Amino acid sequence: MKSSKRTHPSQHRTSASHWITLLSALLLSACASKPVPPDWQTNAFAALKDFSAAYLKGNTRLADFEFTRAKSEIASTGRADLLARAELTRCAVRLASLELDQCAGYQTLALEAGPDEQAYAAFLTGQWRGLDVARLPVPYRAIVLTAAAKQPSDPQPSALAAIEDPLSRLIAAGALLQSSRLSSFDVATATDTASSQGWRRPLLAWLGVQLKRAGDAQDAQSASRIQRRIDLVLQGAPKNP
């Protein structure tokens with residue numbers, strides 16, 4: 001958070017670490033006329049960023065600590081809508097690692113959420129029927145529209161590879177899995193994305209998907225290769241995550 005300059009949330013819908021950035025913009029908007037934002041805004045945004053980084057690296061203990069810190073800062077405002085946004089941030093980051101809990105933390109605050117947050121929650125949980133695509137962040141709109149135009153048995157890739165931001169790409173891949181529209185091409189894209197970023201948790205999750213599919217196809221050679229990759233990633237995992 002380098003500036004307290006007024007930033008409209010729609011300007012941030014093209015990148016999708018976007019939800020953390022979008023939350024930051026919303027936090028800043030409360031005091032955009034002041035030269036320095038209140039400490040809670042700065043602290044909450046920093047904690048959410050640190051949560052995301054720790055979670056993707058596989059450090060659960062630190063991730064939980066940072067998210068609790070973020071919620072504490074936001075709760076000091078009495079703004080349930082901001083807490084709902086923070087819970088969607090956590091849900092999205094967890095979804096990138098295939099932690100599928102239907103955004104349980106957000107659900108308890110859903111009545112306080114606005115239309116954009118409700119649409120985003122529906123996207124994350126795979127509830128795409130009747131989804132107002134225009135309310136989604138830009139990178140995800142093509143994902144939903146392309147999926148709607150495809151037949152369920154179509155093996156061709158989705159619009160996943162066109163998403164530039166790595167975290168957004170993984171979040172979209174998780175959403176495709178939730179909606180039962182994930183192709184083998186998409187699984188490879190998600191795996192390569194996590195690998196290139198050195199994000200241990202999502203990499204293990206997506207390698208697990210590949211391993212299961214290789215097993216289902218009775219492809220012993222591919223399964224053995226994937227298992228070797230999993231073992232290698234696990235060797236460097238934190239001893240006390």
Side-chain angles (χ1 to χ4, degrees), residues 1-97 99-125 135-137 140 165 167-168 170-171 174 199 201-202 238 240-241:
M1 185 173 298
K2 297 181 179 179
S3 169
S4 59
K5 181 180 179 180
R6 181 180 296 274
T7 308
H8 192 277
S10 64
Q11 295 174 341
H12 293 292
R13 291 183 177 176
T14 57
S15 68
S17 309
H18 89 275
W19 205 254
I20 296 177
T21 305
L22 191 58
L23 176 62
S24 173
L26 188 63
L27 295 178
L28 282 172
S29 66
C31 296
S33 62
K34 299 180 181 180
V36 179
D39 288 344
W40 73 266
Q41 293 179 342
T42 304
N43 294 341
F45 180 52
L48 284 173
K49 287 188 65 177
D50 290 344
F51 153 76
S52 177
Y55 192 84
L56 294 170
K57 290 178 181 178
N59 193 330
T60 303
R61 183 179 301 175
L62 179 59
D64 288 346
F65 172 81
E66 292 296 346
F67 189 75
T68 298
R69 185 165 70 95
K71 286 184 66 175
S72 176
E73 294 288 348
I74 297 172
S76 69
T77 69
R79 294 277 301 275
D81 59 323
L82 294 185
L83 280 175
R85 220 173 249 267
E87 287 289 355
L88 283 176
T89 299
R90 177 166 66 167
C91 180
V93 173
R94 285 170 54 83
L95 180 61
S97 301
E99 296 288 343
L100 312 179
D101 67 354
Q102 297 298 303
C103 297
Y106 162 79
Q107 297 301 336
T108 62
L109 299 163
L111 293 178
E112 306 294 338
D116 288 353
E117 288 76 17
Q118 293 171 9
Y120 188 51
F123 171 76
L124 294 177
T125 55
R135 289 196 174 277
L136 292 177
Y140 300 146
D165 178 72
L167 180 54
S168 298
L170 287 177
I171 292 168
W199 288 339
R201 191 188 299 270
N240 296 298

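The shown structure was predicted, so the numbers you read here are calculated from the model rather than taken from an experiment.
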Where do [X] and [Y] come nearest, in terms of heavy atoms and distance?
| X | Y | value |
| --- | --- | --- |
| Leu56 | Ser97 | CD2-OG, 4.2 Å |
| Ala70 | Ala44 | CB-O, 3.9 Å |
| Trp40 | Ile74 | CE3-CA, 4.4 Å |
| Asn59 | Leu62 | OD1-N, 3.1 Å |
| Glu87 | Leu109 | CG-CD1, 4.0 Å |

Partner residues of [X] under the side-chain hydrogen bond (donor to acceptor under 3.5 Å, both in side chains) criterion, sequence neighbours left out:
| X | value |
| --- | --- |
| Glu73 | Asn43 |
| Asp50 | none |
| Thr125 | Gln127 |

Taking atom [atom1] of [X] and atom [atom2] of [Y], what is their separation to the nearest 0.5 Å?
| X | Y | atom1 | atom2 | value |
| --- | --- | --- | --- | --- |
| Tyr55 | Thr89 | OH | OG1 | 14.0 Å |
| Gln102 | Leu100 | CD | CG | 7.5 Å |
| Leu167 | Ile171 | CG | CD1 | 4.0 Å |
| Arg201 | Leu170 | CZ | CG | 13.5 Å |

Using side-chain contact (heavy atoms from CB on, under 4.5 Å) as the criterion, list what pairs up with [X], not counting sequence neighbours.
| X | result |
| --- | --- |
| Ala53 | none |
| Gln118 | Tyr106, Ala113 |
| Asp101 | Cys91, Arg94, Ala104 |
| Glu112 | Ala80 |

Thr108, Leu124, Leu95 screened by side-chain contact (heavy atoms from CB on, under 4.5 Å) with Cys103, the one that passes: Leu124
Phe51 six-ring face occupied by Arg90 cation (under 6.0 Å, within 45°): no
Qualifying disulfide (SG to SG under 2.5 Å) pairs with a residue from residues 43-87, counting only residues at least two apart or across chains: none
Under 3.5 Å donor-acceptor, Ser52 side chain and Lys49 backbone: no
Donor-acceptor pair, side chain of Ser72 and main chain of Thr68, under 3.5 angstrom: no
Worked verdict on Val93 versus Phe67 for side chain to side chain contact (heavy atoms under 4.5 Å, CB included): CA-CA 12 Å; Val93 173; Phe67 189 75; over 6 Å; no
